[in-house]
Amino acid sequence: MKLWILLVVLGCVLIGPSLSNPVTSLTRVKRSHAPEGIWKKKLIWKEDWKQVWKTSKKLIWKPDWKKIQVPAWKEIQVPIWKEIQVPDWKVVKKPAWKEIQVPVWKEIQVPDWKKVWKPVWVEIQVPIWKEVQVPAWKKIWVPEWVKIGVPGPHHLGKDHKGYEVVAHDIWKKKLIWKPVWKKVWKTEKVQKWVPEKKLEWKAEWKQIWRTDKKKVWVSKQEQIWKEEKVQIWRTDKKLVWVTEKKQIWKDEWKKIWVPVWKEIQIPEWKKVWKPVWQKVWVPIHHGHHGWD
């Protein structure tokens, strides 16, 4: 057994240097029946799966403490007013009848004089305006043709013999407006006095009977109130202290769970390509015998 192990180790040592660089080193093999060739190293890419670690986030629940307010009942002493009955004296009034003299006003009839007004018709003179026709002169303008001279030479044309006719100091008609006074009648107002009846009020004194008031005294029963003291019980208030529960808020810490994201490493397989040297046999083709 030991001998076989020794032979394997010796073979690996001898064969190793010859295969370390097969591209540069060429080994010539002469075989009787196999084609000639050499061993070469060829670099190939081999598919492989590599385990990698990927960073991911995981939702976890982390304990935490939260301050909360919780209701609690606390006994306190509060003042209140309590109604109690205490004795007291009260002044009351009782009705009673008493005869008294009271003044009253009595109506009486007394003579009197009254001033009255009576209507009377009186004749008076009143002014009025009367329209009358009075003569008046009015200036008007009337058209009239007058004859006026025009000085200087004036060419009137040619006669039947061809001579030019020139006139000196000719006359012409002119329309003018001439003022004329015309008698017209115009309407005017004249003040006159005419008699007229007017209603007037005349004062007279008339005897009448008027109602007057006279003060007299008469007997009358009047109700009066007499004061008396009676014992009563009145309600009073007394300050007392009573126990009462009051709601207060107390601080407490409560354990809660809050979600947080934690980074974790998870395994994952990644496809990689690795370079591998592979030993291949390359045949040699030549046309003559011998060694290259």
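Side chains included, hydrogens not; waters and symmetry mates left out as well; all remaining heavy atoms used.
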Pairs of donor and acceptor atoms involving the side chains of residues 86-96, under 3.5 Å and at least two apart or interchain, shall be tabulated with distances.
{"from": "Asp88", "atom 1": "OD2", "to": "Arg234", "atom 2": "NE", "distance (Å)": "3.0"}
{"from": "Lys94", "atom 1": "NZ", "to": "Glu228", "atom 2": "OE1", "distance (Å)": "3.0"}

Inset, instruction - Using a strict cut-off of less than 4.0 Å between a Lys/Arg side-chain nitrogen and an Asp/Glu carboxylate oxygen, indicate whether Glu204 and Lys118 qualify as a salt bridge. - result: yes
All N/O donor-acceptor pairs, side-chain side in residues 179-193, below 3.5 Å, sequence neighbours left out:
{"from": "Lys186", "atom 1": "NZ", "to": "Glu188", "atom 2": "OE2", "distance (Å)": "3.2"}
{"from": "Thr187", "atom 1": "OG1", "to": "Gln133", "atom 2": "NE2", "distance (Å)": "2.8"}

Inset, instruction - Kindly check if the number of other-residue, nucleotide or ligand heavy atoms within 6.0 Å of CD (Glu164) is above 12? - result: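 Yes - once you tally the heavy atoms of other residues, nucleotides and ligands closer than 6.0 Å, there are more than 12.
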Would you give the length of the straight line joining atom [atom1] of [X] to atom [atom2] of [Y], rounded to the nearest 0.5 angstrom?
{"X": "Lys115", "Y": "Trp117", "atom1": "NZ", "atom2": "CH2", "result": "4.5 Å"}
{"X": "Lys74", "Y": "Lys245", "atom1": "NZ", "atom2": "NZ", "result": "14.0 Å"}
{"X": "Lys262", "Y": "Lys62", "atom1": "NZ", "atom2": "NZ", "result": "11.0 Å"}
{"X": "Ile100", "Y": "Glu222", "atom1": "CD1", "atom2": "CD", "result": "3.5 Å"}
{"X": "Ile80", "Y": "Glu244", "atom1": "CD1", "atom2": "CD", "result": "8.5 Å"}
{"X": "Trp113", "Y": "Gln207", "atom1": "CH2", "atom2": "CD", "result": "4.5 Å"}

ILVMFWY network linking [X] to [Y], side-chain heavy atoms under 4.5 angstrom:
{"X": "Trp277", "Y": "Ile44", "answer": "no"}
{"X": "Val120", "Y": "Val126", "answer": "yes"}
{"X": "Trp141", "Y": "Val146", "answer": "no"}
{"X": "Val280", "Y": "Ile284", "answer": "yes"}
{"X": "Val142", "Y": "Leu175", "answer": "no"}

Legend entry - Check: Val104 and Lys215 side chains under 4.5 Å, non-hydrogen atoms: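 In short, these two side chains do not touch, never coming nearer than 4.5 Å.
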Legend entry - Close side-chain approach of Leu59 and Trp261, heavy atoms under 4.5 Å: yes
Inset, instruction - For the pair Ser56 and Glu263, evaluate side-chain contact (heavy atoms from CB on, under 4.5 Å) and give the outcome as yes or no after the intermediate values. - result: CA-CA 6 Å; Ser56 180; Glu263 290 187 354; over 6 Å; no
Legend entry - Donor + acceptor pair across side chains of Gln109, Thr211 (<3.5 Å):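 Indeed, the side chains of Gln109 and Thr211 share at least one donor-acceptor pair under 3.5 Å.
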Inset, instruction - Check step by step if side-chain contact (heavy atoms from CB on, under 4.5 Å) holds for Lys114 and Val116. - result: CA-CA 6 Å; Lys114 181 182 179 182; Val116 294; 4.3 Å; yes
Inset, instruction - Please test Lys255 against Trp257 for side-chain contact (heavy atoms from CB on, under 4.5 Å), starting from the C-alpha separation and ending with a verdict. - result: CA-CA 7 Å; Lys255 187 177 181 180; Trp257 294 88; 4.1 Å; yes
Inset, instruction - Would you name the heavy atoms of Glu36 and Trp281 that are closest together and state the gap between them? - result: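 Minimum heavy-atom separation between Glu36 and Trp281: C-CZ2, 3.8 Å.
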Inset, instruction - Answer yes or no on whether Lys197 is positioned over the face of Trp121, meaning its NZ or CZ is under 6.0 Å from the six-membered ring centre and within 45° of the axis. - result: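 The answer is no; the distance or angle limit is not met.
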Inset, instruction - Assert yes or no for the condition that the ring centre distance of Trp269 to Trp49 is strictly below 6.0 Å. - result: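 Between Trp269 and Trp49, the centre distance exceeds or equals 6.0 Å.
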Inset, instruction - Go through Ile266 and Trp53 one step at a time and tell me if the side-chain contact (heavy atoms from CB on, under 4.5 Å) criterion holds. - result: CA-CA 5 Å; Ile266 57 173; Trp53 293 93; 5.6 Å; no
